Amino acid sequence: GTSELATDAEALAGTDETRYVNSKQAILRTDTITITRDNTDATATVQYSHSLWAVPKMITFHAIFATNSFSHGSYDGTNSSAVFPTGTPWAATSTSFSIHASTNTGTVQQGVVSEITTTTFDIDWTKVGSPTGVVYIVATLIA
């Protein structure tokens, strides 16, 4: 009947399920990054860095292109699925969602989250039509 405290490294990794953590180790870890995407850029996969040092359980995106042209929603990294997709024009499936921000749905940069790791995640950007302008995205990651 004895218990053992996890080290800070074990608690941060979140892989040891037999040791207990203290209140300092049990804090919610978050990171916020700003992404800028030029709508004229070609289709490409872009890797973004984060500082959670753990695979995010959720990534929330808020994208804005122009007045009244925005999208927001979240990606569940644990279950690889879109959650709470709201606003227009979001496109969601059971395993991904698209980041859209444009005044015309026929000319957009569409981004789909992929390849999430302990230090990075990718967005697979697809250029549709001939969009112009820049999309600004705030991504909040939660571990």
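Computed from a prediction, not measured in an experiment: that's the story for all the values here. We count residues from 1, following the sequence as given.
Between A139 and I59, the shortest heavy-atom distance links the atoms CB-CG2, 4.3 Å. In plain terms, the two heavy atoms of R29 and A54 that are nearest each other are NH2-CB, 3.1 Å. Between I116 and P56, the closest heavy-atom pair is CG2-CD, 3.3 Å.
Once rounded to the nearest 0.5 Å, the distance linking CD1 of I142 with NZ of K57 reads 10.5 Å. Atom OG of S49 sits about 7.5 Å away from atom CD1 of I33, to the nearest 0.5 Å. The structure places NE2 of H62 at 12.0 Å from CD1 of I35, a figure rounded to the nearest 0.5 Å. Atom CD1 in I123 sits 13.0 Å away from atom CD in E115 (nearest 0.5 Å). Taking OG1 of T18 as the start and CD of E4 as the end, the distance is 7.0 Å to the nearest 0.5 Å.
Here Y136 pairs with T36, I64, V134 under the side chain to side chain contact (heavy atoms under 4.5 Å, CB included) rule; sequence neighbours left out.
The aromatic rings of F121 and F61 sit perpendicular to each other, their planes meeting at more than 60°, with 30° as the lower class boundary.
Looking at heavy atoms from C-beta onward, V138 lies out of side-chain contact with T60 at the 4.5 angstrom threshold. Contact check for T120 versus Y48: no side-chain heavy atoms found under the 4.5 Å cut-off. When side chains are defined from C-beta on, L52 counts as touching D31, because their heavy atoms get closer than 4.5 Å. Side chains of T119 and W53 form a contact here, defined as non-hydrogen atoms less than 4.5 Å apart. Side-chain contact between W125 and R37 is present, with at least one heavy-atom pair separated by less than 4.5 Å.
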- Message: side-chain hydrogen bond (donor to acceptor under 3.5 Å, both in side chains), that's the test. Do D124 and S114 meet it? Break it down for me.
- Response: CA-CA 7 Å; D124 301 323; S114 66; 3.0 Å; yes
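Although no hydrogens or angles enter the test, the distance criterion places no donor-acceptor pair under 3.5 Å between the side chain of N39 and the main chain of P131. Looking at K127, its side chain never comes within 3.5 Å of a backbone N or O of D41 through a donor-acceptor pair.
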